[in-house]
Amino acid sequence: MSDSDQRLEAAILDLLARRAPTATICPSDAAREVGDADGWRELMEPARRAAARLVARGEVEITQGGQVVDLATAKGPIRIRRR
């Protein structure tokens with residue numbers, strides 16, 4: 001796992017830790033935290049993959065419209081929340 005991947009996972013967990021227990025974040029929040037003002041968009045897919053690894057470890061859930069979804073089949077915007 002690359003340094004960027006580790007930083008994205010840490011950013012997701014840190015952002016969620018700073019919010020209410022039921023709050024969610026967008027993968028773009030983590031991408032912005034890790035990337036710079038011009039390059040965060042290229043981190044969007046890596047941020048989704050980081051979220052997927054955290055799901056596999058049982059640390060977070062992926063939601064759409066407030067419902068837990070499988071990231072592999074989710075289409076469109078997703079949210080990440082603590083488990």
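- We find the CD-CD distance between E61 and Q67 to be 10.5 Å, quoted to the nearest 0.5 Å.
- L8 and I25 are assigned to two separate hydrophobic clusters, defined by single-linkage of ILVMFWY side chains at heavy-atom distances under 4.5 Å.
- Taking 4.5 Å as the limit, some side-chain heavy atom of L71 sits within range of a side-chain heavy atom of I78.
- Checked by atom type and distance alone, the side chain of R82 pairs as donor or acceptor with a backbone atom of L16 at under 3.5 Å.
- The heavy-atom pair separating V60 from A51 by the smallest distance is CG2-O, 3.8 Å.
- In this structure the side chain of V55 never reaches within 4.5 angstrom of the side chain of R83, judged on heavy atoms.
- Between the CG atom of L54 and the CD1 atom of I12 there is a distance of 5.5 Å, given to the nearest 0.5 Å.
- Residue pairs meeting the salt bridge (charged side-chain N to carboxylate O under 4.0 Å, His left out) criterion with at least one member in residues 19-36, sequence neighbours excluded: R18-E33.
- In the hydrophobic clustering, M44 connects to W40, either directly or through intervening members, whenever side-chain heavy atoms lie under 4.5 Å apart.
- Taking E9 as the reference, R53, R57 meet the side chain to side chain donor-acceptor pair (under 3.5 Å) condition, with sequence neighbours excluded.
- Taking CD1 from I62 and OG1 from T24, the interatomic distance works out to 10.5 Å, rounded to the nearest 0.5 Å.
- Of all heavy-atom pairs between A47 and P27, the closest is CB-O, 3.6 Å.
- Among all heavy-atom pairs drawn from R48 and A74, the shortest one is NH2-O, 4.1 Å.
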